[in-house]
Amino acid sequence: MKTKILTTSKEDIETAARIIKKGGLVAFPTETVYGLGANAFDADAVARVYEAKGRPSDNPMIVHIARASDIGQLTRYLNPDIVALIENFWPGPLTMVVKKRPEVPDRTTGGLDTVAVRIPQSDAALELINMAGCPIAAPSANLSGSPSPTRAKDVIADLDGRVDAIIQGEDCRVGIESTVVDMTSKVPTILRPGIITAENIEAALGKKVEYDSSLTEASKHIELDPSEGVSESDFKPKSPGMKYKHYAPKADMLVVEGQRDRVIAEIERLKGLNERLGNKVGVILFEEQAFIEAAHDFFAKLRDLDNEGVDMILAGALSDVDGVGFAVMNRMLKSAGYNIARV
Ligand code: AMP
Ligand code: MG
């Protein structure tokens with residue numbers, strides 16, 4: 001398939017919208033990561049998204065809308081908490097899981113009776129949704145399993161020749177995927193952490209939220225048995241996407257966790273050791289407490305190091321138990337396959 005490379009000009013977005021209307025696939029920038037979009041109500045188009053990504057078909061997609069009133073096409077029931085989160089965080093990197101209308105195809109929701117929905121914050125995304133005139137289902141615009149794409153070139157590297165068009169926009173401002181919160185459970189439950197934190201959501205709702213047990217259990221396992229890698233199959237997450245091998249670079253990756261000085265020293269030691277063995281080693285070490293920058297840079301760094309052809313990536317863990325750093329650590333541990341060294 002020949003992939004059209006488009007800009008964010010009005011004309012090009014019109015071209016992209018026509019492709020979506022005809023059941024085609026368009027990759028487009030959002031503020032979180034690039035998405036690969038199709039008409040959310042066109043089950044065949046959605047099936048092609050799974051195919052293009054090589055994504056397991058029980059892993060549901062996020063449906064993107066351009067204005068809050070469009071949520072009515074996807075769900076009938078809006079409780080006051082949902083309304084409060086819409087008012088506080090949309091457009092923005094917060095996805096809500098709500099009960100779906102029967103009209104929303106099973107393909108889009110991976111057979112679940114709920115649907116994940118958000119309004120993205122980038123102009124190109126909003127124009128595309130508006131011009132297409134339908135909600136757009138979009139997972140991240142990468143091959144399934146590889147690091148999420150935060151730059152147009154990352155999308156081209158993975159999807160050129162596999163999709164109808166790619167809109168080349170700016171680098172994504174946030175750099176990690178949206179926070180996913182399940183609004184169908186008694187207590188709102190965070191299924192995937194992101195830049196909008198539990199604390200932010202609690203402040204907007206005036207009540208406590210929970211983390212899905214798969215998120216907290218991963219760290220519990222690490223506490224209990226730091227020497228053994230934790231397998232993702234040990235957990236049964238509610239968000240289907242959380243159970244797959246995710247974000248993995250081509251290189252082997254190890255996360256070094258502990259007190260900062262020791263982490264730096266251990267990374268240096270392991271780097272030297274491996275280089276003497278003839279391995280090319282890449283290091284990911286963010287400034288202390290610079291969690292927003294870490295979120296912005298993390299996936300791009302993984303891809304850059306893979307492009308440099310490193311054999312091994314050593315990453316310093318961020319120390320943050322529930323904020324933005326925690327969301328980055330969720331990705332970092334997955335990309336390393338829970339391969340962790342404690343120092
Ligand atoms: P991505 O599209 O790559 O950003 O991934 C979307 C994330 O949202 C995945 O982790 C999905 O499993 C999750 N998700 C989407 N729809 C639902 C849903 N209805 N219930 C629970 N999780 C969902
Ligand atoms: Mg993804």
Side-chain angles (χ1 to χ4, degrees), residues 25 27-38 40 46 49-50 52-65 71 74-75 77 82 92-102 104-120 125 135-150 154-155 158-159 172 174-185 188-196 210-215 218 232 235-249 295 298-299 302-303 327 330-331 334-335:
L25 309 188
F28 62 97
T30 79
E31 82 280 24
T32 56
V33 304
Y34 274 72
L36 177 60
V46 169
V49 173
Y50 285 106
K53 276 180 65 82
R55 180 178 174 113
S57 61
D58 69 335
N59 190 357
M61 293 180 191
I62 294 172
V63 177
H64 296 72
I65 55 178
I71 198 175
L74 305 167
T75 189
Y77 180 62
I82 298 174
L94 179 77
T95 297
M96 281 190 263
V97 172
V98 297
K99 273 246 164 285
K100 86 171 182 77
R101 274 185 181 269
V104 182
D106 280 342
R107 279 269 182 207
T108 304
T109 63
L112 298 173
D113 61 0
T114 53
V115 59
V117 55
R118 83 173 185 109
I119 303 184
I136 294 185
S140 48
N142 54 325
L143 290 174
S144 190
S146 75
S148 296
T150 58
D154 303 335
V155 180
D158 276 19
L159 298 181
C172 300
V174 174
I176 57 173
E177 307 86 341
S178 57
T179 306
V180 178
V181 58
D182 182 2
M183 301 306 287
T184 67
S185 48
T189 303
I190 294 181
L191 306 181
R192 178 172 74 185
I195 202 154
I196 292 177
E210 287 175 356
Y211 284 113
D212 184 46
S213 60
S214 66
L215 297 174
E232 287 196 58
F235 313 114
K236 291 208 175 53
K238 236 174 140 185
S239 173
M242 301 305 263
K243 72 176 179 251
Y244 298 107
K245 185 169 144 64
H246 240 96
Y247 316 129
F298 178 65
F299 286 130
L302 285 185
R303 283 183 176 262
N330 170 268
R331 276 68 173 184
K334 279 167 187 289
S335 34

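In listed order, ligands and their atoms are each counted from 1.
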Is any N or O atom of Arg192, backbone or side chain, closer than 3.5 Å to an N or O atom of ligand 1?
-> yes

Counting distance only, does the side-chain N/O of Lys99 pair as donor-acceptor with the main-chain N or O of Thr75 below 3.5 Å?
-> no

Taking the side chain from Thr179 and the backbone from Gly194, do they hold a donor-acceptor pair closer than 3.5 Å?
-> yes

Mark up the atoms of ligand 1 that fall under 4.0 Å of a heavy atom belonging to Thr114, in ascending order.
-> 18 (C), 19 (N), 20 (N)

Quick one: does Asp158's side chain get under 4.5 Å of Arg303's, heavy atoms only?
-> yes

If we number the atoms of ligand 1 from 1 as shown, the ones under 4.0 Å from a heavy atom of Val97 are 18 (C), 19 (N), 20 (N), 21 (C)

Excluding waters, how many protein N/O/S atoms sit closer than 2.8 Å to the Mg ion (ligand 2)?
-> 1

Polar side-chain atom of Thr150 near backbone of Gly175 as donor-acceptor pair, under 3.5 Å | no

Any idea which part of Leu191 is under 4.0 Å from ligand 1, heavy-atom wise: side chain, backbone, both or neither?
-> side chain

For ligand 1, which part of His64 has a heavy atom less than 4.0 Å away: the side chain, the backbone, both, or neither?
-> neither

Which atoms of ligand 1 have any heavy atom of Leu112 under 4.0 Å away?
-> 18 (C), 19 (N), 20 (N)

Quick one: pull up NE2 in His246 and OG in Ser148 and give me the separation to the nearest 0.5 Å.
-> 6.0 Å

Between Ser185 and Pro188, is there a donor-acceptor pair closer than 3.5 Å when you use the side chain of the first and the backbone of the second?
-> no

Checking Arg331 side chain against Ala327 main chain: does a donor-acceptor pair fall under 3.5 Å?
-> yes

Modelled atom types, side-chain donor and acceptor of Ser140 and Glu177, under 3.5 Å | no

Could you tell me which residues satisfy ring pair (Phe, Tyr, Trp, His ring centres under 6.0 Å) with Tyr211, sequence neighbours excluded, listed by chain and number?
-> Phe326

Note: Lys100, heavy atoms under 4.0 Å from ligand 1, region reported as neither

Once the angle between the rings of Phe299 and Tyr247 is folded into 0 to 90°, is it parallel (under 30°), tilted (30 to 60°) or perpendicular (over 60°)?
-> tilted

Hey, is Asn59 touching ligand 1 through its side chain, its backbone, both or neither, going by heavy atoms under 4.0 Å?
-> side chain

